[in-house]
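Since the model is a prediction, treat every value here as computed from it, not as a measurement. Residue numbers start from 1 in every chain, and the chains themselves are labelled A, B, ... in the order their sequence lines are given, proteins ahead of strands.
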Amino acid sequence: MTELKIYNSLTRQKEAFAPLTPGYVGMYVCGPTVYSDVHLGNCRTFISFDIIYRYFKYLGYKVRYVRNITDAGHLEGDRDEGDDKFSKKARLEKLEPMEIVQKYTLGFHKVMELFNNLPPTIEPTATGHISEQIEMVKHILKNGYAYEIDGTVYFDVEKYDKEKPYGILTNRKLEDLLEGTRELSGQEEKKGRLDFALWIKAKPEHLMQWPSPWGMGFPGWHIECSAMSGKYLGKQFDIHGGGMDLAATHHTNEIAQSEACFDMSPARYWIHTNMLTVNGARMSKSAGNGFLPGELFTGNHPLLEKAYAPMTVRFFMLQTHYRSTLDFSNEALQSSEKGLKRLWEAYENLEHLKQGAMFPDVGVDTDLDSRCQELITEFDISMNDDFNTAKVLACMFELVPVINSIKGGQVAPDRISRATFDRLHHQFTIYLHDVFGLRDEATYDSGHLAGVMQLLIQIRKEARARKDYSTSDKIRNELQQQGILLKDEKDGNVSWTVQ
RNA sequence: GGUCCUGUGGCCGAGUGGCUAGGCAGAGCUCUGCAAAAGCUCGUACAGCGGUUCGAAUCCGCUCGGGACCUCCA
């Protein structure tokens with residue numbers, strides 16, 4: 001068994017993974033800001049980390065997977081003024097901010113469930129950890145890396161950078177960063193143009209505010225993740241993840257905050273997932289090129305030619321490495337849909353073969369047998385190489401003809417050994433269900449429909465027996481119009497699938 | 001301007017210095033009452049130009065083209 005290697009954004013190279021505590025993994029992933037619906041790009045990140053979480057579990061680790069819900073604090077613009085997103089949305093929808101939070105949190109969970117993402121083991125909210133955040137800000141102030149001006153506390157980036165490299169995560173020098181920053185506007189009070197707020201003074205009319213040593217206010221944009229990861233995973237933990245877009249600001253600031261507070265880098269491995277694009281441009285809320293999962297599942301969007309099932313989308317994402325951009329297109333989705341169907345049907349064939357398999361090891365084709373073993377072994381090898389799901393799928397697809405040939409009779413079942421067959425079945429099952437989190441998406445009630453289908457198949461069989469092909473074709477054709485496909489197989493059996 | 005990523009056959013997409021990625025689409029064949037499915041066979045791709053090397057799509061340089069981040073965003 002090869003060792004797991006992870007691409008660490010912090011060092012910009014693949015590194016062997018060694019947890020702080022053998023057998024345990026602590027992983028923090030930046031979750032959604034619940035002031036609006038998550039779009040497909042957001043989902044990609046959470047699906048990527050779901051696979052990573054599942055793979056660690058598959059490897060036998062006990063994983064504490066913390067993914068936050070940001071339900072306070074984020075401001076609309078890039079200045080420390082104006083309203084937060086929740087208050088704005090609340091006024092727009094004529095709801096309490098916490099109703100907004102509840103609404104979109106529930107929606108988020110629903111979407112995660114549809115994509116078959118496992119829930120994290122802890123899902124803390126920012127508003128539930130105000131006191132922890134205040135404590136952390138106090139600590140940073142005490143350590144001298146922050147200053148207060150009129151009820152707002154800022155992090156002093158330039159002072160911090162004298163001791164530790166602020167731009168370490170994205171490999172940037174402070175001078176370059178300063179150059180790229182826009183001029184301070186006259187109304188801003190912070191000292192350095194890179195300084196960011198840890199705690200923000202609230203205006204009286206502000207809907208979400210809490211008491212603090214600096215007066216009524218609310219937490220800054222980045223402190224919640226530092227406070228909550230510290231609380232649940234410790235000052236230092238194994239993995240911190242999130243979308244690539246968070247690296248330059250949010251994660252950079254998180255590192256600075258944790259270092260300033262605990263004198264320790266928070267995470268040992270940083271994993272960043274790449275963006276989902278549409279026509280080459282990043283899908284984002286502000287660009288307005290985002291699909292909501294609901295639109296995807298119903299096909300109700302101008303850019304969508306048809307509806308796509310959640311598992312199709314999940315499979316689509318699995319075919320690309322998490323660090324590559326993935327471009328959305330109808331063509332790509334449709335090819336994924338067909339590919340998944342083929343893979344899943346092969347898996348079902350494998351299940352059936354498993355039930356009837358009683359063949360002895362007599363005519364084993366050693367070439368075929370060892371090739372199968374190699375391919376199965378490559379599942380783990382590929383995943384160990386920075387979670388290369390695309391490679392695993394390629395191996396699975398290479399095994400599909402083997403499975404289908406045994407089923408179809410082109411290859412005798414005893415050409416592969418019992419041990420190989422069992423391993424094939426076992427690894428297919430584990431990978432499809434447990435590691436990749438795919439599930440059968442048959443939209444039919446298999447109980448009743450299966451009975452009716454048996455009846456129709458029987459009638460058609462009788463018609464064919466007396467060469468009444470007009471009846472048999474009628475049954476098949478009309479079923480097809482209902483989206484049910486009949487397949488006459490070699491051995492005389494008839495199978496059916498819902499399109 | 002700075003920091004990076006990237007350019008693979010019709011489309012989508014893995015990838016290692018020399019050995020078939022894979023999916024979808026397409027062509028032929030087998031099976032079949034017909035179809036569908038399945039099986040078998042087929043494309044010898046790696047932006048361009050140089051260099052390193054016995055050998056490079058894979059390493060280096062240059063050119064051209066995409067993209068991300070540097071402002072809230074997964």
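At a threshold of 4.0 Å, the pair A:Arg464-A:Asp488 counts as salt-bridged, since one of the basic side-chain nitrogens sits closer than that to a carboxylate oxygen. A salt bridge links A:Lys391 to A:Glu378: one of the charged nitrogens lies within less than 4.0 Å of a carboxylate oxygen.
Counting heavy atoms of neighbouring residues, nucleotides and ligands inside a 6.0 Å radius, atom NZ of A:Lys164 exceeds 12 of them. Remark: A:Lys467 NZ is loosely packed, at most 12 non-hydrogen atoms of other residues, nucleotides or ligands lying under 6.0 Å away.
The C1' atoms of B:G28 and B:G18 are separated by 32 Å, rounded to the nearest whole Å. Comparing the same atom, C1', in B:U8 and in B:A47 gives a spacing of 10 Å after rounding to whole Å. For B:C42 and B:A21, the P atoms lie 12 Å apart once the distance is rounded to whole Å. On the P atoms, B:U58 is 16 Å away from B:U53, given to the nearest whole Å. Rounded to the nearest Å, the gap between the C1' atom of B:C11 and that of B:G7 is 16 Å. Taking atom P in both B:G22 and B:G43, the straight-line distance is 12 Å, to the nearest Å. Here, B:U6 and B:C59 have their P atoms 10 Å apart, quoted to the whole Å. Rounded to the nearest Å, the gap between the P atom of B:C60 and that of B:A25 is 38 Å.
A:Arg371 comes within contact range of at least one nucleobase, with a heavy-atom separation under 4.0 Å. Nucleic acid contact for A:Glu337: none, since no nucleic acid atom lies under 4.0 Å from a heavy atom of the residue. Residue-level contact check: A:Met275 touches the bases, meaning some heavy atom is under 4.0 Å from a base atom. Within 4.0 Å (heavy atoms only), A:Gly242 reaches sugar-phosphate atoms of the nucleic acid but no base atom. Using a 4.0 Å heavy-atom distance criterion, A:Thr320 is classed as a sugar-phosphate-only contact. If you check every strand for non-hydrogen atoms under 4.0 Å, A:Met396 touches nothing. The residue A:Leu276 sits close to a base: some heavy atom pair falls under 4.0 Å. Among the protein residues, A:Asn388 comes within range of the sugar-phosphate backbone only, with heavy atoms under 4.0 Å from sugar or phosphate atoms but none that close to a base. Note on A:Leu343: nothing from the nucleic acid sits closer than 4.0 angstrom, heavy atoms only. When heavy atoms are screened at a 4.0 angstrom cut-off, A:Tyr469 is found touching base atoms of the nucleic acid. Note on A:Asn274: a base of the nucleic acid sits closer than 4.0 angstrom, heavy atoms only.
Judged by centroid separation below 5.5 Å and plane tilt below 30°, A:Phe46 does not stack onto the base of B:A74.
Each of B:C73, B:A14, B:G23 was ranked by its minimum atom distance to the side chain of A:Ser284; first place goes to B:C73. Relative to the side chain of A:Leu485, the nucleotides B:A36, B:C24, B:A21 differ in distance, and B:A36 lies closest. Of the candidate nucleotides B:A68, B:C40, B:A38, B:A38 has the atom lying nearest to any side-chain atom of A:Gln410. Side-chain atoms of A:Asp473 lie closest to B:G33 of the nucleotides B:U3, B:G33, B:G13. For A:Arg464, the listed nucleotide lying nearest its side chain is B:G33; candidates were B:C72, B:G33, B:C69. Checked against B:G33, B:A14, B:C70, the side chain of A:Arg172 finds its nearest nucleotide in B:C70.
For A:Thr170 and A:His39, each mapped to the nucleotide of RNA chain B holding its nearest heavy atom, the one lying further toward the 5' end belongs to A:Thr170. Ranked by how close their nearest RNA chain B nucleotide is to the 5' end, A:Ser336 and A:Thr249 are led by A:Ser336.
Contact record, A:Pro120 with A:Tyr65: CB-O, 3.2 Å, taken as the closest heavy-atom pair.
Tested against A:Phe436 for a ring pair (Phe, Tyr, Trp, His ring centres under 6.0 Å), the candidates A:Tyr431, A:Phe315, A:Tyr55, A:Phe115 yield a single pass: A:Tyr431.
Atom CG of A:Leu326 and atom P of B:C11 are 17 Å apart (whole Å). For the pair A:His272 NE2 and B:U6 P, the computed distance is 16 Å after rounding to whole Å. Put simply, CG on A:Leu375 is 13 Å from P on B:U20, counting in whole angstrom units. One interatomic measurement links the two molecules: CG of A:Asp245 to C1' of B:G67, which rounds to 14 Å at whole-angstrom precision. Note: NZ (A:Lys461) to P (B:G33) measures 15 Å, nearest angstrom. Straight-line distance from the CZ atom of A:Arg323 to the P atom of B:C5: 10 Å, rounded to whole Å. Residue A:Ile475 contributes atom CD1, which lies 19 Å from atom P of B:A36 at whole-angstrom precision. The distance between atom CZ of A:Phe196 and atom C1' of B:C72, rounded to the nearest whole Å, is 15 Å.
A donor-acceptor contact under 3.5 Å links the side chain of A:Asp488 to the base of B:C34. Remark: the A:Asp385 side chain and the B:G15 base include no donor-acceptor N/O pair separated by less than 3.5 Å. Residue A:Arg476 places a side-chain atom within donor-acceptor reach of the base of B:A35, judged by atom type and a 3.5 Å distance cut-off alone.
Using Watson-Crick or G-U wobble geometry with both donor-acceptor distances under 3.5 Å, B:U53 finds no partner in any strand shown. If you check B:U3 for Watson-Crick or wobble pairing at under 3.5 angstrom, you find it paired to B:A68. For B:C29, the paired base is B:G39 (Watson-Crick or G-U wobble, both distances below 3.5 Å). B:C46: no Watson-Crick or G-U partner with both key distances under 3.5 Å is found in any strand.
The shortest distance between the side-chain N/O atoms of A:Arg342 and the OP1/OP2 oxygens of B:A38 is below 4.0 Å. Considering only side-chain N and O atoms, A:Asn42 lies under 4.0 angstrom from the phosphate OP1 or OP2 of B:A74. Dashed line: the shortest gap from a side-chain N or O of A:Ser324 to OP1 or OP2 of B:A14 is under 4.0 Å. Within the 4.0 Å cut-off from OP1 or OP2 of B:G15, not a single side-chain nitrogen or oxygen of A:Lys391 is found. In this structure, A:Asn404 reaches the B:G39 phosphate: one of its side-chain N or O atoms is under 4.0 Å from OP1 or OP2.
Under the 6.0 Å cut-off for aromatic ring centres, A:His240 and A:Tyr269 do not qualify, their centroids lying 6.0 Å or more apart.
Using a 4.5 Å cut-off on side-chain heavy atoms (C-beta onward), A:Lys14 and A:Asp386 make contact.
For the pair A:Arg323 and A:Tyr7, the cation-pi criterion (under 6.0 Å, within 45° of the ring axis) is fulfilled.
Between A:Ser226 and A:Gln257, the side chains place a donor N or O and an acceptor N or O closer than 3.5 Å (distance only, hydrogens not considered).
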